[in-house]
Structures are given as structure tokens and as C-alpha cells.
Amino acid sequence: MTVSRFQGPRKGLAVIACAGLSLQVLGAQAAVDFDPARHAEVGALVEELAERGIERDWLEAAMRDAAFQQGVLDAMEGAAERRLRWDEYREIFLQPERIARGVAFIEAHRDAFARAEAQYGVPAEVIAAIIGVETSYGRFTGRHRVLDSLSTLAFHHPVRGAFFRGELAAFLEITREQGVDPGSLDGSYAGAMGYPQFIPTSYRAYAVDFDGDGIRDLWTNPVDAIGSVGNYFAEHGWQGGEPIYAEAEGPEVLPDEVEFNLTRPPYAEVETLRRAGIQPRGELDDGQPVVPLALDHADDVLRYRLGHENFYVITRYNHSHLYAMAVTELAEAIRDAQALEAVPLRPRGDEAEGRS
């Protein structure tokens, strides 16, 4: 902030302005202090976790190490799911490199994907697509200290503080149980961690030790991440062998009588959609409930799709219809690329001659 310099009779106003600025700075400094001895809410969290058996000294040291991050609060307001059209959002994830890396990631961990698919019923390409969208297969797991992000959101988010307080508590429990320094872990601005970007409560509930080494490690172990994503989907009702969505056709202008893009269990019957001018391209019973999707493109072009139960399950991972469709299309692209690679390619002429 820039403070104007006043001269002559306005000097008093300058003094008042500077004094106000000083109070703001002091107030901000107090607000960012997570020392349990000086912050009553942090102290209450420490007390709660100490009663659950975590050493008080360890908790206090961890929270004194936490730092307020204004950028975390700013990032929460600018998520891509809230501001982009479908075609813009899709472009972020449906890139040839990400597709090729998905194929390579499955090949590198073929056994883990096969076990996950057999155990949880979730196709390998869907699990890979989740990890691909979240972290590009573990390449970008976040640049924010998880401790800082969760502390900032727990005690400074204007609406969801209670939610993030629970996430901070779970994070401290996980790191203590696994002997990890909580200040050493980086993640997303919202506190999501590791290959699959689980938030701490999801880590506690759904992470699995998929390689049998006695540790549930989603930060550095891709095998545990693969199994954990499969487990997450299975626990949320994934229907093995069933489709994710159906293609549909509809009017150029959204019909008012249909609610689109809600991340709820299938809620609109096909017959109702037919009456509104939306026709499935495949065979669907009139009484079947679906999630009506209207995906916006440039020039106000709409694409209609009908989400099934498995589409809804993907939205349990991230409550955005754009996210779920990006995962779905990336999974389709990975599957198609795998099919192409499975077809033997004829060698070029010079290579054929060299082997003759």
C-alpha cells in the first residue's frame, strides 16, 4: 500500500493515515501468529489433539512453525472450475503430453493397476486420469507447505474455517503417526497432498498400503496412490463395468425446465429430458435417472451429455462437473492411446532393410 505525502494544513491527516496503517500492520501481525500460547483457537486445537494422545510439545512446536499465507486465501477465490468454459478447462488437461505420460505411467506400474482394477472394479485409465489431472502423475504435487495452507484456512477462511480446522487436525495426526515433519510436506493451496492430492481426512479414511510395506505413503509411493484412488472410488459407490456417461443432443438454448451440471446423484429422468428436447444417442430407459450436462464452448456452442452413477462418483473426488468430465475424457484418451500402441507398427523402409 502507498501512503501519500501531505504538506501544509494536511499534515495532520498524514499522521492519522500513518497511524492507521501502523495499526493495520500490527493487527495483521497478530492475526498471522499461530503460536498456541498467543492464539486461543490454535491453543484449543492443540488441547484437543493432546487429549487424543499426541504430545503437547510436538503440537506446539508444529503450530509455531506454521506461517500465514495470503496467497492461499486468494487462490481459493480463483479456482479454474469457477471461471472457465468447458473447452477452456478441457484444454488444460487434454494435451498430448499428459495423455502419453498416462500411458507410460500405467505401463510402469502395470501390476499395481491390474490389482487395483481387479480389487476395486475401477479401470486403470480412470485411476491414471485422476492422478494425471491432479499432479501429472506425481510430477507436480504442489508448492505450498501443507502446514501453512491448512493453518491459514483453518483460522482465517471467512466461511470454511471449521472444515479446514478438521483437515489441519487430521494432517497433524497423520504426520505424527508416520513420523513425518509436518513442515516438510508441500501440497496444494487447499492442503491436498501427494500423487492423488488427498486432503487429510480422505488420506485417513481411504489411503491404503497397496505395496504391503506397512506404510500408507501417498507422498512418494505411486503404488499406494494407485490403490488408494481405486479404494476411494469403490467406497463412494463406483459401479464396475458400467459407463460414465452417454452422449445426447439438444437445443441451442438451454431449456429452462432442466437443471444442468449439478454434482448430485442422478436426478433427472430421461423421459423428462426428452420432453425438454434433449435426446440420448444411445438406448436409455425413460425412467432412468441421469445427471444432465451442458458443456459450453466458444461461440455459445453447447454439447449435451448424460452422466450416470459413475460420473457422480468422480464428482465426489472434486465437486465440479468440469473436473469429472476432464477426468473422463483423459481416461478415454489414455485408453485409446494404449489401444494404438498395442498394434504393431510396420518399420520404415530403411529399418526393414537393415534387419533383412
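Between F311 and I244, the shortest heavy-atom distance links the atoms CB-O, 3.3 Å. Of all heavy-atom pairs between V327 and V133, the closest is CG2-CG2, 4.0 Å. A pairwise comparison of heavy atoms in S151 and A66 identifies OG-CB, 3.5 Å as the closest pair. Heavy atoms only, all atoms of each residue included: A62 and L147 are closest at O-CD2, 3.4 Å. Smallest separation of non-hydrogen atoms from L59 and A50: CD1-N, 3.7 Å. The two residues I127 and I226 come nearest to each other via the heavy atoms CG2-O, 3.8 Å.
The backbone N or O of Y206 lies less than 3.5 Å from no partner atom in the side chain of R216, so there is not a single donor-acceptor pair. In this structure, the side chain of S149 does not engage the main chain of G191 through any donor-acceptor pair within 3.5 Å. The backbone N or O of D211 sits less than 3.5 Å from a side-chain atom of D224, completing a donor-acceptor pair. A donor-acceptor contact shorter than 3.5 Å links the side chain of Y232 to the backbone of R316. Within the 3.5 Å criterion, the main-chain N or O of A112 finds no donor-acceptor partner in the side chain of H109. Using modelled atom types, no side-chain atom of S136 and backbone atom of F140 make a donor-acceptor pair closer than 3.5 Å. For the pair N310 (side chain) and E242 (backbone), a donor-acceptor distance under 3.5 Å is present. Panel note: side chain W238, backbone G121; a donor-acceptor pair is recorded below 3.5 Å. A side-chain donor-acceptor contact under 3.5 Å links Q197 to the backbone of G194. At distances below 3.5 Å, at least one donor-acceptor pair connects side-chain atoms of S228 with backbone N or O atoms of V208.
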Given side chain to side chain contact (heavy atoms under 4.5 Å, CB included), test D35 with R64 step by step and report yes or no.
-> CA-CA 5 Å; D35 184 344; R64 283 195 298 269; 3.7 Å; yes
Could you walk me through whether L168 and F164 pass the side chain to side chain contact (heavy atoms under 4.5 Å, CB included) test, one step at a time?
-> CA-CA 6 Å; L168 175 59; F164 284 108; over 6 Å; no
Verdict with supporting geometry, V301 and D87, side chain to side chain contact (heavy atoms under 4.5 Å, CB included) | CA-CA 10 Å; V301 174; D87 58 332; over 6 Å; no
Could you walk me through whether T175 and W58 pass side chain to side chain contact (heavy atoms under 4.5 Å, CB included), step by step?
-> CA-CA 11 Å; T175 53; W58 184 89; 3.5 Å; yes
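Residue E134 holds its CD atom at 12.5 Å from CE of M193, rounded to the nearest 0.5 Å. The line from CD1 of I131 to OG1 of T141 is 12.5 Å long, rounded to the nearest 0.5 Å. With values rounded to the nearest 0.5 angstrom, E177 atom CD is found 7.0 Å from I174 atom CD1. Here the CZ atom belonging to R98 is positioned 9.0 Å from the CG atom belonging to L94, to the nearest 0.5 angstrom. Here the CG atom belonging to L150 is positioned 12.0 Å from the NE2 atom belonging to H157, to the nearest 0.5 angstrom. Here F163 contributes atom CZ and I199 contributes atom CD1; the two are 4.0 Å apart, rounded to the nearest 0.5 Å.
Hydrophobic clustering (ILVMFWY, side-chain heavy atoms < 4.5 Å, transitive): I278 and Y245 are in distinct clusters. In this structure, W86 is not a member of the same hydrophobic cluster as V258, with clusters built from ILVMFWY side-chain heavy atoms closer than 4.5 Å. L273 and L262 end up in different hydrophobic clusters when Ile, Leu, Val, Met, Phe, Trp and Tyr side chains are linked at under 4.5 Å. Tracing side-chain contacts under 4.5 Å through hydrophobic residues (I, L, V, M, F, W, Y), one never reaches L84 starting from L302; they form parts of separate clusters. No single ILVMFWY cluster, assembled from side-chain heavy atoms under 4.5 Å apart, contains both I215 and Y195.
In summary, the side chains of E167 and T201 do present a donor paired with an acceptor at a separation below 3.5 Å, with no hydrogens or angles considered.
For the pair Q69/H144, no side-chain contact is recorded, criterion being any heavy-atom separation below 4.5 Å from C-beta on. The side-chain heavy atoms of E249 and Y304, taken from C-beta on, include no pair separated by under 4.5 Å. Contact annotation: the side chain of S320 never approaches that of M325 to less than 4.5 Å [non-hydrogen atoms, C-beta and beyond]. Under the 4.5 Å side-chain criterion, counting only non-hydrogen atoms from C-beta, P292 is in contact with Y267. A heavy-atom distance below 4.5 Å is not found between the side chains of L330 and I130. Considering only heavy atoms from C-beta on, R274 comes within 4.5 Å of Q279 through its side chain. Counting only heavy atoms from C-beta outward, the side chains of V122 and E117 never approach each other to under 4.5 Å. Side-chain contact between D285 and V270 is absent, with no heavy atoms from C-beta onward closer than 4.5 Å.
Residue pairs that meet the salt bridge (charged side-chain N to carboxylate O under 4.0 Å, His left out) test with at least one member in residues 302-314, sequence neighbours left out, are E247-R305, R305-E329.
Ring centroid separation for the pair H236 and Y317 does not come in under the 6.0 Å cut-off. Two rings, from F105 and F113, have their centers less than 6.0 Å apart.
Taking a 6.0 Å sphere around CZ of R143, one finds it holds 12 or fewer heavy atoms contributed by other residues, nucleotides or ligands.
Checked for salt-bridge contact, R145 and D148 meet the test: a charged N lies under 4.0 Å from a carboxylate O.
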